[in-house]
Amino acid sequence: MREYTWGKILENTQLIKTMQGRYIDQLKGDIYRTINDGGGLTDITHAISNRTGMTLRHADLIATDQTGKILAQIDAYRNKQAGSTRYIWRSMEDKRVRPKHRELDGKEFKYDDPNGGDNGQLPGEPIRCRCYQEAVD
């Protein structure tokens, strides 16, 4: 699980376009350590802000994005390890849900379908997505 988590953090941090390259390698370690130490979103936000000097608001956007992505990917990994091949997209079913995610709510997808979900992304992977996956046995 550690190797999988580290690999996904490496992959996800490469999506951060607003940061200079010198911070990315350091942030990979910060995010990994924070997650493994049981830290949450606030801890990651402060680590990004402290490391880069960016505002807490911008750091929070990046931390939220990174946290959503890694949690969705870890859930999918665990579900697949337990034998699930499919999931149901679940939204928060409130007024803040994106129209696209409202359409996806309740639909079933295969984990390994690159065209499934939101352009191949799992629930929780798109930026600021609050959706989640429900594994289907």
Side-chain angles (χ1 to χ4, degrees):
M1 181 59 93
R2 288 180 186 263
E3 293 83 19
Y4 179 81
T5 302
W6 180 250
K8 286 301 179 180
I9 289 170
L10 294 176
E11 185 180 309
N12 294 338
T13 53
Q14 292 187 19
L15 299 174
I16 303 171
K17 306 272 189 232
T18 59
M19 249 179 257
Q20 296 177 358
R22 67 177 187 223
Y23 294 125
I24 296 296
D25 288 335
Q26 296 164 341
L27 283 172
K28 290 173 192 173
D30 291 344
I31 293 168
Y32 182 76
R33 276 188 302 283
T34 301
I35 289 172
N36 279 326
D37 291 345
L41 184 60
T42 301
D43 299 310
I44 295 172
T45 298
H46 284 284
I48 292 170
S49 181
N50 291 339
R51 175 78 62 193
T52 65
M54 71 175 55
T55 66
L56 283 175
R57 184 176 177 177
H58 191 186
D60 179 63
L61 174 66
I62 292 170
T64 301
D65 179 53
Q66 292 296 300
T67 303
K69 282 177 176 28
I70 194 62
L71 292 177
Q73 293 160 349
I74 289 172
D75 283 348
Y77 178 82
R78 286 181 180 151
N79 292 339
K80 289 191 280 188
Q81 292 297 308
S84 293
T85 58
R86 298 170 289 128
Y87 66 91
I88 298 172
W89 187 291
R90 298 291 185 198
S91 78
M92 291 292 120
E93 298 182 355
D94 61 18
K95 64 182 182 179
R96 292 175 42 207
V97 174
R98 299 169 194 181
K100 171 76 173 177
H101 295 187
R102 191 170 287 115
E103 290 174 24
L104 296 173
D105 189 35
K107 292 189 178 169
E108 191 173 304
F109 300 95
K110 291 182 180 180
Y111 275 113
D112 296 327
D113 182 359
N115 298 313
D118 184 354
N119 295 317
Q121 292 184 307
L122 294 165
E125 282 189 308
I127 194 163
R128 295 241 191 239
C129 177
R130 300 173 299 129
C131 300
Y132 63 96
Q133 57 198 276
E134 180 182 313
V136 177
D137 296 326

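Both backbone and side-chain heavy atoms feed into the values below; hydrogens, waters and symmetry mates do not. For reference, positions follow the sequence shown, starting with 1.
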Group every Ile, Leu, Val, Met, Phe, Trp and Tyr by side-chain heavy-atom contacts under 4.5 Å, then state whether [X] and [Y] land in the same group.
{"X": "Tyr132", "Y": "Val97", "result": "yes"}
{"X": "Ile70", "Y": "Tyr32", "result": "yes"}
{"X": "Trp6", "Y": "Ile74", "result": "yes"}
{"X": "Tyr4", "Y": "Ile35", "result": "yes"}

Measure the spacing between [atom1] of [X] and [atom2] of [Y] and express it to the nearest 0.5 Å.
{"X": "Gln66", "Y": "Lys28", "atom1": "CD", "atom2": "NZ", "value": "10.5 Å"}
{"X": "Gln121", "Y": "Gln73", "atom1": "CD", "atom2": "CD", "value": "9.0 Å"}
{"X": "Ile44", "Y": "Leu27", "atom1": "CD1", "atom2": "CG", "value": "10.5 Å"}
{"X": "Leu122", "Y": "Leu71", "atom1": "CG", "atom2": "CG", "value": "12.0 Å"}
{"X": "Leu104", "Y": "Cys131", "atom1": "CG", "atom2": "SG", "value": "7.5 Å"}
{"X": "Gln26", "Y": "Ile31", "atom1": "CD", "atom2": "CD1", "value": "12.0 Å"}

Would you check if [X] and [Y] make a side-chain contact, meaning some heavy-atom pair closer than 4.5 Å?
{"X": "Trp89", "Y": "Asp118", "result": "yes"}
{"X": "Asp75", "Y": "Tyr87", "result": "no"}
{"X": "Met54", "Y": "Ile62", "result": "yes"}
{"X": "Ser84", "Y": "Asp137", "result": "yes"}
{"X": "Thr85", "Y": "Asp112", "result": "no"}

How close do [X] and [Y] get, heavy atom to heavy atom, and via which atoms?
{"X": "Asp113", "Y": "Asn115", "answer": "OD1-N, 2.9 Å"}
{"X": "Asp65", "Y": "Pro126", "answer": "OD1-C, 4.5 Å"}
{"X": "Cys129", "Y": "Pro123", "answer": "SG-C, 4.4 Å"}
{"X": "Ser91", "Y": "Asp105", "answer": "N-OD1, 2.8 Å"}
{"X": "Arg90", "Y": "Glu134", "answer": "NE-OE1, 2.9 Å"}

Hey, is the main chain of [Y] close enough, under 3.5 Å, to the side chain of [X] for a donor-acceptor pair?
{"X": "Thr52", "Y": "Ile48", "value": "yes"}
{"X": "Arg86", "Y": "Val136", "value": "no"}
{"X": "Asp37", "Y": "Gly39", "value": "no"}

*asked:* If only side-chain N and O atoms count, and only distance matters, is there a donor-acceptor pair under 3.5 Å linking Gln133 with Tyr111?
replied: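 The answer is yes; a qualifying pair exists.
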*asked:* Is it the case that over 12 heavy atoms from other parts of the model lie below 6.0 angstrom from the CZ atom of Arg2?
replied: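 Not buried by this count: 12 neighbours or fewer within 6.0 Å.
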*Should we count NZ of Lys110 as having more than 12 external heavy atoms under 6.0 Å?*
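Not buried by this count: 12 neighbours or fewer within 6.0 Å.
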_Any salt bridge linking Arg33 with Asp43? Criterion: basic side-chain nitrogen under 4.0 Å from a carboxylate oxygen._
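Looking at Asp43 together with Arg33, the answer is no, because their closest N to O distance does not fall below 4.0 Å.
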